[in-house]
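Have a look at the structure below before the remarks.
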Amino acid sequence: MATLWRRRERFLGVPGRLCRTVRALSGKNEYDLLVIGGGSGGLACAKEAAQFGRKVAVLDYVEPSPQGTKWGLGGTCVNVGCIPKKLMHQAALLGSALKDAQHYGWNIAQPVHHTWSVMAHAVQNHVKSLNWGHRVQLQDKKVKYFNMKGSFSDSHTIRGLTKAGKETIVTAENIVIATGGRPKYPTHIAGALEYGITSDDLFWLKESPGKTLVVGASYVSLECAGFLTGIGLDTTVMMRSIPLRGFDQQMASLVTEHMEHYGTRFLKRSFPTKVEKLEGNRLQVTWKNTDLGTEETDCFDTVMWAGRPELTPTAIAAGKLLARRLFGQSSELMDYDSVPTTVFTPLEYGCVGLSEEAAVQCYGSDNVEVYHAYYKPLEFTVAERDATQCYIKMVCLREREQRILGLHFIGPNAGEVIQGFALGIKCGATYPQLMKTVGIHPTCAEEIIKLHITKRSGLDATVTGC
């Protein structure tokens with residue numbers, strides 16, 4: 001996230017003293033704001049500052065991944081995150097839709113085959129168009145773009161270095177660090193760095209990753225494993241402890257249960273100890289199973305280490321608010337409560353607000369009421385799809401108003417469903433207010449406003465009828 005560099009100036013070698021001397025003679029800095037990092041938060045901050053008539057520059061440079069992957073302006077979301085992930089998730093959903101289509105009368109020639117290179121080329125072309133679009137936006141807003149790697153000479157001076165080694169000195173009254181994060185390799189595991197990849201590489205592969213081991217159970221891991229399984233690849237997830245740490249654990253368990261039924265293999269309570277390269281470029285992974293106390297091995301074409309990047313809309317909002325505090329006489333801070341999100345696994349999971357565990361921890365179990373339901377999307381009926389894990393949970397206070405603390409939804413189009421309800425929850429919506437809301441029939445979202453069975457009651461929460 002963006003951090004404003006504001007500390008007392010200090011000398012950092014001869015270049016720093018020279019820059020300060022030049023600035024002292026000119027009497028001012030070249031820019032009002034310099035943003036280091038051209039990702040979602042940095043670009044939002046820069047463009048917002050330019051709206052206030054300030055002179056703004058952005059400095060962005062992508063250090064190639066250990067496997068040599070690099071990309072253009074826009075940060076993680078555009079290049080190696082949300083955008084390519086959602087498009088490849090869509091590719092997997094289309095594969096499932098082809099199976100459903102036969103139940104609806106469509107004659108689909110079998111077997112259906114997916115070609116990675118066609119998908120990857122189309123996704124990468126779209127990403128490149130977004131890279132260009134960001135450059136055009138900066139130009140339109142008169143924000144100067146430097147494709148350079150920056151380092152501080154002093155608190156108002158950045159030394160920029162291009163790929164070719166050319167140095168440029170940039171001075172600014174305010175400097176924002178918005179460099180975001182990159183996936184980390186577990187360098188303590190032999191062969192991890194030499195033979196593994198991360199999400200920084202997956203979306204830019206020209207050829208299919210083949211049989212893949214995804215190490216970790218973060219949302220990045222499960223999303224990638226989900227679409228790899230969905231396009232027909234043999235995919236395994238290895239997780240040391242719990243899936244989707246930080247999310248509601250009942251929902252996380254349902255997500256992984258569905259993925260197992262969907263075809264993803266899970267190695268639970270396991271962690272890798274080494275990766276070795278065999279003949280034919282196959283990778284042999286050795287791991288320990290802590291439950292059984294055994295050491296096991298298997299061979300894969302690709303081993304991917306999965307991290308957990310920050311959420312793009314949060315970065316954008318924080319970046320804009322920072323610019324307004326700097327130049328717009330605002331004092332508003334980013335509100336990190338009730339930020340909605342969705343995990344784009346094969347059966348999507350969207351949520352906003354507190355998990356059940358967090359609500360109980362904050363308010364005590366006697367003061368929390370949980371309304372829930374298992375439902376079946378209408379689209380699943382004709383297609384005879386399993387809806388065992390389609391589930392909704394609303395976490396409320398038990399007090400008279402019954403303010404909604406959190407909403408959790410597993411099912412199709414979870415992001416679209418949760419986005420709408422997020423506004424109401426952000427505004428302090430209560431359970432009685434929700435019950436007065438008229439549903440749109442027949443939709444999955446409609447099931448939320450029909451929730452009436454509590455966990456406390458012990459009654460069957462399966463929805464029957466339409």
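Predicted, not measured: the structure shown is a model, and the values here were computed from it. What you see below is based on every heavy atom in this structure, not just the backbone, and it leaves out hydrogens, waters and symmetry mates.
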Task: Between Thr381 and Arg385: side-chain donor-acceptor atoms closer than 3.5 Å - done: no
Open item on the list: Between the side chains of Glu260 and Lys268, is the shortest nitrogen-to-carboxylate-oxygen separation below 4.0 Å, so that they form an ion pair?
Closed with: yes
Task: NZ or CZ of Arg54 within 45° of Phe327 ring axis and under 6.0 Å - done: no
TODO: Please lay out, stage by stage, how Thr229 and Thr264 fare under the test side chain to side chain donor-acceptor pair (under 3.5 Å).
DONE: CA-CA 6 Å; Thr229 302; Thr264 305; 2.7 Å; yes
- [ ] Identify the heavy atoms of Leu347 and Thr345 that sit nearest to each other, and give their distance.
- [x] O-OG1, 2.9 Å
Open item on the list: Please find the pair of heavy atoms, one from Ile175 and one from Ser155, that lie closest to each other, and give the distance.
Closed with: CD1-O, 3.7 Å
Open item on the list: Tell me whether Gln433 contacts the main-chain N or O of Thr430 through its side chain, where contact means a donor paired with an acceptor under 3.5 Å.
Closed with: yes
Open item on the list: Looking at Asp248 and Lys393, is any side-chain nitrogen of the basic one under 4.0 Å from a carboxylate oxygen of the acidic one?
Closed with: yes
- [ ] Decide side chain to side chain donor-acceptor pair (under 3.5 Å) for Gln250 and Lys455; before the verdict, give the C-alpha distance in whole Å, the side-chain angles of both, and the deciding distance to 0.1 Å.
- [x] CA-CA 13 Å; Gln250 181 190 9; Lys455 275 192 174 183; 2.8 Å; yes
- [ ] Mind running side-chain contact (heavy atoms from CB on, under 4.5 Å) on Arg456 and Val370 for me, showing each step along the way?
- [x] CA-CA 7 Å; Arg456 196 182 305 274; Val370 177; over 6 Å; no
Open item on the list: Check this for me, if you would: do Asp60 and Arg135 make a salt bridge, where the nitrogen-to-carboxylate-oxygen distance has to be below 4.0 angstrom?
Closed with: no
Open item on the list: Is it the case that the side chains of His89 and Glu348 hold a donor-acceptor pair, with the cut-off being a distance below 3.5 Å and no angle test?
Closed with: yes
Task: Any donor-acceptor pair under 3.5 Å from Lys128 side chain to Gly72 backbone - done: no
Task: Distance-only side-chain donor-acceptor flag, Lys144 / Gln139, under 3.5 Å - done: no
Open item on the list: For a quick test of reading the model, state the closest non-hydrogen atom pair linking Leu434 to Met394 and the distance between them.
Closed with: CD2-CE, 2.7 Å
Open item on the list: Taking Asp234 first and then Arg265, would you say they form a salt bridge - that is, a charged N and a carboxylate O separated by under 4.0 Å?
Closed with: no
Task: ring pair (Phe, Tyr, Trp, His ring centres under 6.0 Å) between Tyr375 and Phe380, worked out - done: CA-CA 10 Å; Tyr375 71 102; Phe380 283 22; 8.3 Å; no
Task: Distance-only polar pair, side chains of Gln67 and Asp201, donor-acceptor under 3.5 Å - done: no
TODO: Indicate whether any N or O donor in one side chain lies under 3.5 Å from an N or O acceptor in the other, for Asn79 and Asn131.
DONE: yes
Task: For Arg325, all residues meeting side-chain hydrogen bond (donor to acceptor under 3.5 Å, both in side chains), sequence neighbours excluded - done: none
- [ ] Would you check, one step at a time, whether the test side-chain contact (heavy atoms from CB on, under 4.5 Å) holds for Val339 with Val352?
- [x] CA-CA 6 Å; Val339 173; Val352 58; over 6 Å; no
Task: Flag for Thr294-Glu296: side-chain donor and acceptor within less than 3.5 Å - done: yes
Task: Distance-only polar pair, side chains of Gln402 and Tyr371, donor-acceptor under 3.5 Å - done: yes
Task: Mutual orientation of the aromatic rings belonging to Tyr391 and His372 [parallel < 30°, tilted 30-60°, perpendicular > 60°] - done: perpendicular
Open item on the list: Taking Lys426 first and then Asp335, would you say they form a salt bridge - that is, a charged N and a carboxylate O separated by under 4.0 Å?
Closed with: yes
Task: Working for side-chain contact (heavy atoms from CB on, under 4.5 Å), residues Leu59 and Leu34 - done: CA-CA 7 Å; Leu59 189 148; Leu34 172 63; 4.2 Å; yes
Task: His408 side chain vs Leu354 backbone, donor-acceptor pair below 3.5 Å - done: yes
Task: Under the ring-ring contact (aromatic ring centres under 6.0 Å, His included) test, residues paired with Tyr145 that sit two or more places apart - done: none
Open item on the list: Salt bridge check, Glu369 against Arg398: does any charged N sit closer than 4.0 Å to a carboxylate O?
Closed with: yes
Task: Residues in ring-ring contact (aromatic ring centres under 6.0 Å, His included) contact with Tyr262, at least two apart in sequence or another chain - done: His258
- [ ] Work out which heavy atom in Val438 is nearest to a heavy atom in Ile449; give both atom names and the distance.
- [x] C-CD1, 4.4 Å
- [ ] In plain terms, say whether Glu63 and Lys149 are close enough for a salt bridge, that is, a side-chain N and a carboxylate O under 4.0 Å apart.
- [x] yes
Task: Parallel, tilted or perpendicular: rings of Tyr219 and Phe247 (30°, 60°) - done: perpendicular
